[in-house]
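Just below is one structure, and these are the notes that go with it.
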Amino acid sequence: MTLFLVRHGRSRPEGGRIPAAWELDPAGFDDIWALRESGRLPLGAAWFCSPEPKAVGTAQLLTEGDVGIVEDLAEHRRETADWIDDFTDVVRRAFEHPTTSAYDGWEPLSACRDRVVPAVRRILDVHAHEDVVLVGHGTAWTLTVAELTGREPDLERWAALTMPDVLVVTPDMLAP
């Protein structure tokens with residue numbers, strides 16, 4: 001069993017709407033189709049995704065197969081429509097202080113971890129003998145990889161994630 005954590009394709013920010021409501025940017029569809037054709041994702045895997053439109057849209061462009069929508073795979077909740085110029089710095093602050101909100105309207109990062117990681121573990125338990133593809137979000141996947149491998153969150157890898165991108169967790173990487 002190998003876990004493939006796909007970060008959604010490029011989103012289209014919309015003023016006045018929270019990021020969880022943003023759709024995919026059609027200008028980025030070619031990047032998603034390129035990932036689909038790249039051979040980086042397994043055939044015959046179990047597929048699931050976050051309920052957010054950009055994740056659902058990415059999953060629909062990546063596979064013709066069934067994709068289960070799992071509410072608990074939603075991104076770090078950011079219930080503000082504010083445009084944040086220093087977004088990267090605020091997210092880094094969230095990782096440095098995971099039990100407090102890094103910005104007004106943001107859930108503490110520990111709450112995201114406590115929601116997403118158990119959902120991922122449940123999926124892996126049910127699909128223990130097959131590859132799993134989860135389509136979702138960079139911050140949630142960074143937390144997930146850290147928890148599953150027993151390592152600190154890799155913020156440099158988080159900062160380098162593209163839209164779309166893939167993080168792979170193989171069985172030998174899992175913490176005991």
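Just so it is clear, the model here is predicted, and its values are computed rather than measured.
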Can you give each donor-acceptor pair under 3.5 Å made by side-chain atoms of residues 130-138, sequence neighbours left out, with the distance rounded to 0.1 Å?
{"from": "E130", "atom 1": "OE2", "to": "H127", "atom 2": "ND1", "distance (Å)": "2.6"}
{"from": "D131", "atom 1": "OD1", "to": "T2", "atom 2": "N", "distance (Å)": "2.9"}
{"from": "H137", "atom 1": "NE2", "to": "S50", "atom 2": "OG", "distance (Å)": "2.8"}

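Note that the OG1 atom of T139 and the CZ atom of F95 stand 5.0 Å from one another [nearest 0.5 Å]. Here R7 contributes atom CZ and E75 contributes atom CD; the two are 8.0 Å apart, rounded to the nearest 0.5 Å. Put simply, CH2 on W141 and CG on L73 are 4.5 Å apart, with the number rounded to the nearest 0.5 Å. With rounding to the nearest 0.5 Å, the separation of CG in L5 from CG in L148 is 7.5 Å. The OG1 atom of T80 sits 6.5 Å away from atom CG of D104, with the distance rounded to the nearest 0.5 Å. Note that the CZ atom of R115 and the CD atom of E107 stand 4.5 Å from one another [nearest 0.5 Å].
The same ILVMFWY cluster, assembled from side-chain heavy atoms under 4.5 Å apart, contains both F87 and L155. There is a path of hydrophobic side-chain contacts, each under 4.5 Å, that joins V70 to L3. In the hydrophobic cluster analysis, where Ile, Leu, Val, Met, Phe, Trp and Tyr join through side-chain heavy atoms closer than 4.5 angstrom, L24 is grouped apart from I18. Follow the hydrophobic side-chain contacts under 4.5 Å out from W106 and you reach W158 in the same cluster. Connection of W47 to W33 is established within a shared hydrophobic cluster, with ILVMFWY side chains joined at heavy-atom distances below 4.5 Å, either directly or through further cluster members.
A side-chain contact (heavy atoms from CB on, under 4.5 Å) with L61 is found for exactly one of L35, V56, I32, namely I32.
Here the closest non-hydrogen pair linking V67 and C49 is CG1-SG, 3.8 Å. Among all heavy-atom pairs drawn from A74 and A140, the shortest one is O-CB, 4.4 Å. The two atoms that bring W83 and P13 nearest to each other are CZ3-CB, 3.8 Å, heavy atoms only.
Residues L143 and V116 form no side-chain contact, since every pair of their non-hydrogen atoms from C-beta on lies 4.5 Å or further apart. In this structure, D165 and R157 have side chains that are in contact, with non-hydrogen atoms separated by less than 4.5 Å.
A donor-acceptor contact shorter than 3.5 Å is absent between the side chain of R78 and the backbone of P19. Side-chain N or O atoms of D82 include none that pairs as donor or acceptor with a backbone N or O of I84 at under 3.5 Å.
Salt bridge annotation for R92-E156: present, with a cationic side-chain nitrogen under 4.0 angstrom from a carboxylate oxygen. Ion pairing between E79 and R77 fails under the 4.0 Å rule for side-chain N and carboxylate O.
Here side chain to side chain donor-acceptor pair (under 3.5 Å) pairs that include residues 10-19, with residues two or more places apart or in two chains, are R10-D31, E14-R17. The list of side chain to side chain donor-acceptor pair (under 3.5 Å) pairs with a residue in residues 56-71, not counting sequence neighbours, reads R36-E64.
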Check step by step if side chain to side chain contact (heavy atoms under 4.5 Å, CB included) holds for D72 and R122. CA-CA 11 Å; D72 285 341; R122 287 189 301 272; 3.3 Å; yes

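Enclosure of atom CG in D86 by more than 12 non-hydrogen atoms of other residues, nucleotides or ligands within 6.0 angstrom is indicated.
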